Number of protein chains: 2
Amino acid sequence: MASEAPISDPHPREEDIRRFVEAWGRMGSVWGISRTMAEVHALLYITGEPLCADDIMDRLAISRGNASMSLRGLLDWGIVSRAHRRGDRKDYFVAEQDVWAIFRAIVRERKKREVDPLLASLHELRDHTREAQRESGRSGKADDIDGRLDEMLEFFEMASTLAERFIGPSGPGLRFAATMLSKAPLPGGPKRGARGGARKAAQRSGRVAEDGA
Amino acid sequence: MASEAPISDPHPREEDIRRFVEAWGRMGSVWGISRTMAEVHALLYITGEPLCADDIMDRLAISRGNASMSLRGLLDWGIVSRAHRRGDRKDYFVAEQDVWAIFRAIVRERKKREVDPLLASLHELRDHTREAQRESGRSGKADDIDGRLDEMLEFFEMASTLAERFIGPSGPGLRFAATMLSKAPLPGGPKRGARGGARKAAQRSGRVAEDGA
DNA sequence: ACGTGCTTTCAGAAATTTCTGAAACCACTG
DNA sequence: CAGTGGTTTCAGAAATTTCTGAAAGCACGT
């Protein structure tokens with residue numbers, strides 16, 4: 001109400017927010033959503049406050065339609081939710097604040113739309129192959145193909161199960177496991193300097209010109 | 001070879017291969033490559049034999065340029081390599097056959113081009129924020145933003161380290177860990193069978209195909 | 001050196017994805 | 001029940017990505 005826009009303090013943070021939004025937006029492709037959708041999420045996340053469609057349109061300079069669709073998408077993914085203010089008919093939106101919850105949602109969605117269908121095809125295909133092979137005696141080649149199919153299937157089944165656990169009720173358990181695994185106790189000793197470097201290693205964004213094998 | 005008419009379906013496998021290629025192609029987006037590139041890889045993988053550019057062009061019905069670029073991409077990713085036949089000047093291509101090696105390569109590449117840059121931005125941003133905050137005393141809001149930035153950073157650092165391990169020399173260790181984690185010892189009970197076929201296939205992968213890392 | 005067989009490059013064409021703006025909609029309120 | 005404030009939808013526009021085909025480039029054998 002009263003304090004709504006501290007114009008005198010033109011948000012020194014505003015610049016930081018902009019930058020975060022931009023960085024996060026570029027990641028959009030990684031989790032399979034559009035840049036704008038990612039930016040909307042970034043804005044809501046970093047801001048931490050409920051924002052309405054107009055706030056978002058303004059700050060991101062996007063159209064109403066785009067804002068609406070992005071928000072809808074985010075809502076579907078379950079990483080943003082609606083909120084209301086009394087005496088205000090606008091819809092406000094807030095982003096899930098728990099990073100792990102965010103990533104669980106991402107994994108859940110991607111698995112659903114990309115891994116599951118693939119797994120289905122692979123199974124179907126494998127069955128078909130098996131059958132065909134049986135009824136025609138076996139020709140040498142088929143065995144190899146079958147084997148490769150199996151290996152692939154096995155891998156994806158493992159990945160799928162792992163993902164299920166991550167997103168499932170025991171998610172927190174996995175969280176623990178992941179944290180542990182990343183923390184360096186593996187047997188075999190610290191042979192490489194890799195890990196300490198994690199911190200700074202990030203810089204080399206440039207393409208590695210290791211052409212021509 | 002003179003005949004190439006698949007109309008009479010000379011190879012009963014041909015149809016299976018086509019289906020695998022198609023399914024795999026759709027996954028392309030998941031690992032951030034184009035559909036065609038994924039299909040080329042699928043063909044080489046499932047086929048298991050060295051194929052030359054023309055084989056690929058024909059079977060996938062794509063242009064020479066496209067084939068060449070896709071192959072190059074695959075080569076860069078390190079999941080396909082060149083091979084030659086004596087007395088034949090053509091380049092032939094073979095796909096890495098170890099599924100785990102394939103996925104290590106994928107993780108390596110994606111991390112390099114998507115996570116690392118993000119991590120770099122995030123670090124830079126955090127530093128900037130920190131500094132700005134200090135020199136202006138602290139305004140309540142900034143703390144929150146900083147906190148969220150930190151959480152995000154922490155998460156990505158964990159993920160990054162985990163990825164490094166997966167692709168690094170101790171990759172096999174992680175393979176073990178992942179397999180274990182997916183296999184059902186967690187409290188909560190085994191709800192679904194991801195079962196049996198897996199076992200058999202496991203044997204094939206016994207020989208560890210060390211890829212260059 | 002030259003021809004040959006094959007590979008790579010690249011500018012523009014085609015396909016696909018994302019964004020806009022305006023109209024249709026909905027749910028309250030007066 | 002008309003008005004108001006807000007949200008959603010959607011057809012076409014714009015941007016981006018992917019594909020093609022032809023020309024340029026390479027390396028080898030003769």
Side-chain angles (χ1 to χ4, degrees), chain A residues 21-22 25-44 50-77 80-94 113-114 207 209-213, chain B residues 21-22 25-44 50-77 80-94 113-114:
Chain A
V21 167
E22 198 184 334
R26 276 194 299 264
M27 278 294 280
S29 60
V30 178
W31 13 306
I33 67 180
S34 77
R35 189 173 49 70
T36 303
M37 202 168 141
E39 289 186 349
V40 172
H41 177 257
L43 181 60
L44 288 169
L51 299 179
C52 68
D54 295 86
D55 294 336
I56 293 170
M57 288 168 55
D58 287 352
R59 302 182 70 164
L60 261 30
I62 59 176
S63 71
R64 185 173 297 283
N66 196 359
S68 175
M69 279 174 136
S70 297
L71 251 3
R72 154 74 82 116
L74 260 6
L75 248 17
D76 285 349
W77 276 47
V80 159
S81 46
R82 284 184 217 267
H84 292 98
R85 290 224 249 248
R86 42 183 47 265
D88 185 345
R89 276 165 58 191
K90 279 202 206 67
D91 276 2
Y92 285 78
F93 300 86
V94 225
R113 54 182 87 178
E114 339 228 50
R207 61 164 50 254
E210 59 185 8
D211 55 334
Chain B
V21 166
E22 196 185 335
R26 275 194 298 265
M27 278 294 281
S29 60
V30 178
W31 15 306
I33 67 179
S34 76
R35 189 173 47 71
T36 305
M37 201 168 141
E39 289 187 349
V40 171
H41 178 258
L43 181 60
L44 288 170
L51 298 179
C52 68
D54 294 87
D55 294 336
I56 294 170
M57 289 168 53
D58 287 351
R59 301 182 70 164
L60 260 31
I62 60 177
S63 71
R64 185 172 297 284
N66 195 1
S68 175
M69 280 174 136
S70 297
L71 250 3
R72 154 74 82 120
L74 260 6
L75 248 18
D76 285 350
W77 276 47
V80 159
S81 46
R82 284 183 217 270
H84 295 281
R85 287 191 195 177
R86 37 183 57 267
D88 186 345
R89 278 164 58 191
K90 280 204 208 65
D91 275 2
Y92 284 78
F93 301 85
V94 223
R113 53 181 88 177
E114 340 229 49

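Values in this document were obtained by computation on a predicted structure and should not be read as measured data. Below, all heavy atoms of this structure are taken into account, side chains as well, without hydrogens, waters or symmetry copies.
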Rounded to whole angstrom units, what separation is found between the [atom1] atom of [X] and the [atom2] atom of [N]?
| X | N | atom1 | atom2 | value |
| --- | --- | --- | --- | --- |
| A:Asp91 | D:dG5 | CG | C1' | 11 Å |
| A:Asn66 | D:dG12 | CG | P | 19 Å |
| A:Met69 | C:dT18 | CE | C1' | 9 Å |
| A:Leu51 | D:dT7 | CG | P | 12 Å |
| A:Arg82 | C:dC26 | CZ | C1' | 12 Å |
| A:Ile33 | C:dT17 | CD1 | C1' | 14 Å |
| B:Met57 | D:dT20 | CE | C1' | 10 Å |
| B:Leu75 | C:dT8 | CG | C1' | 13 Å |

- Query: Which is it for B:Met37 and B:Val40 under the side-chain contact (heavy atoms from CB on, under 4.5 Å) test, yes or no, and what are the steps along the way?
  - Reply: CA-CA 5 Å; B:Met37 201 168 141; B:Val40 171; 5.8 Å; no
- A:Gly65 vs A:Arg35, nearer the 5' end of DNA chain D by closest nucleotide: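 So the residue in question is A:Gly65.
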- Look at the side chain of A:Arg64 against the base of C:dG21 and say whether a donor-acceptor pair falls under 3.5 Å; ignore hydrogens and angles. no
- Query: Looking only at N and O atoms, is any donor in the side chain of A:Arg89 or the base of D:dG6 less than 3.5 Å from an acceptor on the other one?
  - Reply: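 There is none.
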- Message: Can you tell me if A:Ser34 touches the phosphate of C:dT17, counting only side-chain N or O atoms and a distance under 4.0 Å to OP1 or OP2?
- Response: no
- Query: Is there a side-chain polar atom (N or O) of A:Ser68 under 4.0 Å from OP1 or OP2 of D:dT8?
  - Reply: yes
- Earlier contact from the 5' end, DNA chain C, for A:Thr36 and B:Asp88: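 The answer here is B:Asp88.
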- Message: Among C:dT18, D:dG21, D:dT9, which nucleotide has an atom closest to any side-chain atom of A:Arg72?
- Response: D:dT9
- Which of D:dC19, D:dT7, C:dT7 is nearest the side chain of B:Ser63? It is D:dC19
- Task: Anything under 30° is parallel, anything over 60° is perpendicular, the rest tilted; go ahead and classify A:Trp77 against A:Trp31.
- Result: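 The arrangement is tilted - the two ring planes meet at 30° to 60°.
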- Query: How is A:Ile62 classified with respect to the nucleic acid when contacts are heavy atoms under 4.0 Å: base, sugar-phosphate, or nothing?
  - Reply: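 Sugar-phosphate contact only - A:Ile62 comes under 4.0 Å of backbone atoms but never of a base.
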- Message: Less than 4.5 Å apart, side chain to side chain, heavy atoms only: is that true for A:Arg82 and A:Phe93?
- Response: yes
- Message: Taking the side chain as everything from C-beta on, heavy atoms only, tell me whether B:Val21 gets closer than 4.5 Å to B:Arg59.
- Response: no
- Donor-acceptor pair, A:Ser68 side chain versus A:Arg64 backbone, under 3.5 Å? no
